[in-house]
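In what follows, chains are A, B, ... by sequence order, proteins preceding strands, each numbered from 1. Note that these values count all heavy atoms, side chains included, but never hydrogens, waters or copies made by symmetry.
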Amino acid sequence: MIEFFPLDIDEIFEDNESVIRLFGRTINGERICVLDYNYEPYFLFEGNKEDVEELMITKEDITYFVTKIEEVKKKYLGEESKFWKVYVNNSVAIRLLAKELKNKGGVYEYDIDFCKRYLVDKEIIPSRLYKIDGEIVKKVEYNVDLVVEVKNIEQNSESFEKERILAFDIETMDEVILVISFYGDDFKKIITWKKVKGEGIEVVDGEEELIRRFVEIINEYKPDYLVSYNGDNFDFPFIFERARKYRVDLELNVDGSNIRLNRNKTRLIGVLHLDLYKFIRKNMAVNLQTDVLDLGSVANEILGRGKKEIKFEVVFENLDDNIGKLCDYCLNDSEITYMLCKSLLVNLEELGKLTGLSLFDVCRASYGNLVENYLMKRSREFNEIILSKSGYRMKREKYEGAFVMEPKPGFYKNLVVFDFLSLYPSIIVTHNIGLGSFGKGKKVPGLDYRFDNKKKDFIPLVIEDLINRRRRIKEIMKNEKNKVLDARSYALKTVANAMYGMFGFIGARWYYRECGESITAYARDYIKKVIEEAKKEFEVIYGDTDSVVCILGNKTKDDAFKFLEKMNKELPELMELELEDFYKRGIFVSRKDGGGAKKRYALINEKDEIKIRGFEAIRRNSSEIAKEVQKNILKIILEEDDFEKALEYVKKIIKDVQEHKIDINKTVIKTQITRGLDEYSSVGPHVAVAKKMILNGVEVKPGMVIRYVINKGKGLIREKARLLEESEDYDEEYYINNQIIPVVEGIFEVFGVDKEKLLKEQKKLGDF
DNA sequence: GCGGACTGCTTACCT
DNA sequence: ACAGGTAAGCAGTCCGCG
C-alpha cells in the first residue's frame, strides 16, 4: 500500500485503450506516477438497447466499438429514470459513437474531458491524500522515483503541503535569450552565456547551452510546481522558438517526452506549470486596486514589496558592462514570482479542493470553468446527469438585469448605507431557482415564470451548502484570523457568486436564461421593497442592485439599526440585509445630459476613508492631471466641507496647465486596444496612435494599453494624439477644456457654480 | 463647404 | 468568453444654410 498526493493527470493510449496516469508525490516525498488500466470510458443513452449493441465505427484503421452495456438509474433535472451506460473501447470512441445515436434517442455525458470524468467518478481531488494498492512497474524513461499500476484507490483526507516550488524568468534582447534565472526552496540560480563575473552566476558557452541547462536544472530539481509570470505567452513560447533553432529537445515532461507548445498554455506532463499572471488576470484582478497587472505592480500590492527596476535602454546600449545588472534583475523577478506563488498558493489550493481542478487548471480557469467544474463534481453525489454543452449553437438572448435608482444630485451629510449579503446566491436558494424546479409553483414577480419550492433542486442545494459552509468559516474566524480559512471562504464566495452569471452564459452546461432572468426579477423586487420601507424612515438618495443609500436626517444611528432588524425579521431566512457603514458626507452629481448620474458618487465615513465610485478619478482612460484634480477636490469637499477652497485649488491648477507647468507624464491618457485595428469602425485617438505604432514596426496586440498625449495642432483630437515619447509639449487648451473642466464642473454644479461661471473663470485665466 | 445637433461606437466602470 | 446597467468622450453623420 502506498499513500500519495495526485497533482496532475493525463491520458495515454496503449493498444488503442485509454490509460489514466496520475502524477504526484508519495507521503515520503518520492515522485510517483500511478497508472490506471481499469477505468472504462462510457456515455449515457436513453432509447432502445438494440440501437447500441451493434454500434461500431472504423476510422483510419482504428475500430471504435461498444464493450458493455449496463442499465443505470440517473436523474435528469431531478427526475429519475433509466439509462443505458454504454461502455466503449477508448475515450475517442465516446464522442464518435454518441454522435451516431443522436437521432435515435437521448445521449448524455459524451462531451466530458476523459481525465475530468475519471476524477469525478473516482472522487479524486488533486492535492489530497490517497491510498493505493498496486504493483510497482519499471519505466526507465520516466523521471520519477516509482511507477505503480493501480488496482484500488481510496481517499484519505490530508492535503499536500510539502510542495517543491521552482520559479523562473528569462531576459531577452533582439530575439535572443540572454539570462535565465531560477528561484526555489533554498535554491537560486542565474545562467547566462554573456561573459560576466559575479557570485553564483553560471556562465555557459552560448544560447544553445543555456537552453540545455534550463532543461537540466528543472529535471534535477524535480519541482511539483514550476512557476512563471506570463510563461504561457512569453517565456515558454520564446524558449520553444530558440530551442527549435538549435534543435534542442525540451524534455521537460516527467515521462521523458518533449513538451509541446500550445497556443495559449504550456503544459508539462507531471509538473504543474503555474502561470501566476493568468491566475491574477482571470481571478484575482477584480479584487486588486491596480489595473496594471505587471509583476511589479502586482507584487507591490500583494506582497507589499516592489521589484527592482532597471533602465533597459541603458543596459542594452552597453550590454557587456551591464550584464551583471541584468542578471540581478532576472533573479529578482524569479524571487518575486516565487514569493507571489507562496502567497497565492493557499488560494489556488482552496479553489482546487473546492472544484476538483488541478492547480494547473485553477491557474487558467475562468469563473465559468470554476463553477462548472464544481457542479460536475457535485453532480455525482446527487446522481444528476451532467448536462452537455450546446449553447454555442444557440442565439444569446439578453434579459433585464438589476434595478438602479436615479440619485438626486446633491451634497449630503450623515448617510447610512444598507446592502444585501450575497443577494443573488441567497435568492437562488430561497426561491429554489434551478432547472429542475422551473415550470410550476410560485410565480416570479413581474415575470410569467414559476419555480416549485417543494423539492429543493440541485443547484439551489449546492449553493445553500456553499453559503452555509462560508457562514461557519466566518463564525470561526470571528475569534481568530486564519489564512487557510480566509482562502477557503474566498473560494466558496467566488463559486457561489459566479453561479448566477452561469445561468445567463450561453456556453455553460447549466445555461438557463429563465433562471438568470428570474434571479434579477426577484432582486429588483427585493431592493425596491427595501427602498419603499426605508423611505418611511429616512430620505433615500440612491440604490444600485443590492444597496440603498439613505440620509439619516433627524434619525439616529440607533434608528438605522432598528430598521435593519425590522427588515431582517421580514426577509426570508437566508436573505440578509446588512448595515454597510455610516458616512459623514457624500456627493452625488448630475449626468452631462441632465438627471442624476447613476454609478458616480463619493462618500466619506467616520474614519475619514473616502470611497469614490465611477468618477474619472478612478478611470484609466483619463489623464493623471484630471484624475488628480478630481480626487483632490473630492477630498477637500468631503473632508473639509469647503467647496470654495476646492474652487481656488482648481483655478491654481488650470493656471499651471495654461503656463505649461504640468509634468507631461501627467497628461498621458491610457486606453486599451481591445481588438484588431482593422476591426474598428470608429477610429478614436488610441486607435490612431496604435496605427502609427504599427507603421513604425511596433507590434500592437489586443489587450495592450496605448499611452498618448494630446499635442497642439489642428483638426480632430486623434490627429493631435501622439505617443508620450514623441510628444514635446501638451495642448493646454485640450487639457483644460476636455480633461479638467469636464471632471470638475459636475461636482461644482452641486454647489451652484454652473458651467458658465466656471468657463468665465477659465476665460479670465486664459487672458492672464 | 461649414457648423451644430444628434447617433453610435468605444472604454471602463458598478453591482 | 459568469451577468446586465451605466456615463462619457470622440468620431461619424445628417441637415440646414447660403
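Ring to ring, A:His431 and A:Phe451 are not that close: their centroids are 6.0 angstrom or more apart.
Reading DNA chain B from its 5' end, the first and the last nucleotide to sit under 4.0 Å from a heavy atom of chain A are B:dC9 to B:dT15.
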Kindly list each side-chain donor-acceptor pair under 3.5 angstrom involving residues 671-679 of chain A, sequence neighbours excluded, with atom names and distances?
unit_1: A:Thr674; atom_1: OG1; unit_2: A:Tyr680; atom_2: OH; d: 3.3
unit_1: A:Glu679; atom_1: OE2; unit_2: A:Gly676; atom_2: N; d: 3.3

Please tabulate, for the side chains in residues 503-510 of chain A, all donor-acceptor contacts under 3.5 angstrom to protein atoms that are two or more places apart in sequence or on a different chain.
unit_1: A:Arg509; atom_1: NE; unit_2: A:Glu372; atom_2: OE2; d: 3.3
unit_1: A:Arg509; atom_1: NH1; unit_2: A:Asp111; atom_2: OD1; d: 2.9
unit_1: A:Arg509; atom_1: NH1; unit_2: A:Leu387; atom_2: O; d: 3.0
unit_1: A:Arg509; atom_1: NH2; unit_2: A:Asp111; atom_2: O; d: 3.1

Using atom types as modelled, flag every donor-acceptor pair under 3.5 Å from a side chain in residues 418-425 of chain A to any protein atom, sequence neighbours excluded.
none

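Taking the charged nitrogens against the carboxylate oxygens, A:Arg619 and A:Glu616 have no contact shorter than 4.0 Å, which rules out a salt bridge. Salt bridge A:Asp275/A:Lys265: absent, no basic N to carboxylate O contact under 4.0 Å. Salt-bridge check for A:Asp581 with A:Lys611: failed, with every basic side-chain N at 4.0 Å or more from each acidic carboxylate O. Note on A:Glu628 versus A:Lys666: salt bridge recorded, some NZ/NE/NH1/NH2 to OD/OE distance being below 4.0 Å.
Which of C:dG12, C:dA8, C:dA3 sits closest to the side chain of A:Val683 comes down to C:dG12.
Backbone-only contact: A:Lys282 has heavy atoms under 4.0 Å from sugar-phosphate atoms and none from a base. Residue A:Val371 is classed as having no contact, given no heavy-atom separation below 4.0 Å to the nucleic acid. Counting non-hydrogen atoms under 4.0 angstrom, A:Tyr542 reaches nothing in the nucleic acid. Heavy atoms of A:Thr520 sit nowhere under 4.0 angstrom from any nucleic acid atom. Residue contacts for A:Glu400: at a heavy-atom cut-off of 4.0 Å it reaches the sugar-phosphate backbone alone, with no base atom in range. Nucleic acid contact for A:Tyr424: none, since no nucleic acid atom lies under 4.0 Å from a heavy atom of the residue. Note on A:Gly504: only backbone sugar-phosphate atoms sit closer than 4.0 angstrom, heavy atoms only; bases stay farther off. Residue contacts for A:Leu423: at a heavy-atom cut-off of 4.0 Å it reaches no nucleic acid atom on any strand shown. Residue A:Arg619 is classed as a base contact, given a heavy-atom separation below 4.0 Å to a base. A:Gly368 comes within 4.0 angstrom of the backbone, heavy atoms only, and of no base. Backbone-only engagement by A:Arg675 is indicated by non-hydrogen atom pairs under 4.0 Å involving sugar-phosphate atoms exclusively. At the heavy-atom level, A:Phe615 lies nowhere under 4.0 Å from the strands shown. Within the 4.0 angstrom heavy-atom criterion, no nucleotide atom of any strand lies near A:Asp419.
Note on A:Asn738: every side-chain N or O is 4.0 Å or more away from OP1 and OP2 of C:dG9. Residue A:Arg718 has a polar side-chain atom (N or O) positioned under 4.0 Å from OP1 or OP2 of C:dG12.
Within residues 621-631 of chain A, the residues having any heavy atom under 4.0 Å from DNA chain B are, by residue number, A:Asn621. Contacts between residues 581-589 of chain A and DNA chain C, defined by a heavy-atom separation below 4.0 Å, involve no residue at all. Applying a 4.0 Å cut-off to non-hydrogen atoms, the residues of residues 592-604 of chain A that approach DNA chain B are A:Lys599, A:Tyr601, listed by residue number.
Using the six-membered ring where Trp is involved, A:Phe751 and A:Phe411 have ring planes that are tilted, between 30° and 60° apart.
As a whole-Å value, the separation of A:Lys691 NZ from C:dA11 C1' is 12 Å. Taking atom CD of residue A:Gln739 and atom C1' of nucleotide C:dA8, one finds them 12 Å apart after rounding to whole Å. Rounded to an integer number of Å, the gap from CG of A:Asn737 to P of C:dG9 is 12 Å. For A:Tyr500 and C:dG4, the OH to P distance is 6 Å, given to the nearest whole Å. The interatomic distance linking A:Lys493 (NZ) with C:dC2 (P) rounds to 18 Å, in whole Å. The OH-P distance, from A:Tyr708 to C:dG9, rounds to 12 Å in whole Å. Whole-Å rounding puts the A:Lys398 NZ to C:dC2 P distance at 15 Å. Summarising the geometry, the separation between OH on A:Tyr399 and P on C:dG5 is reported as 9 Å, rounded to the nearest angstrom.
Counting heavy atoms from C-beta on, the side chains of A:Lys720 and A:Lys714 never come closer than 4.5 Å. The side-chain heavy atoms of A:Tyr708 and A:Val668, taken from C-beta on, include no pair separated by under 4.5 Å.
Remark: A:Lys712 engages A:Asp731, A:Glu732 in a salt bridge (Lys or Arg N to Asp or Glu O under 4.0 Å) (not counting sequence neighbours). Take A:Arg267 and apply the salt bridge (Lys or Arg N to Asp or Glu O under 4.0 Å) test, not counting sequence neighbours, and it matches A:Asp8. When the salt bridge (Lys or Arg N to Asp or Glu O under 4.0 Å) test is applied to A:Arg722, no partner is found at least two apart in sequence or on another chain. Considering only residues two or more places apart in sequence or on other chains, A:Arg488 meets the salt bridge (Lys or Arg N to Asp or Glu O under 4.0 Å) condition with A:Glu350.
For residues 359-378 of chain A, there are no ring pair (Phe, Tyr, Trp, His ring centres under 6.0 Å) pairs, not counting sequence neighbours.
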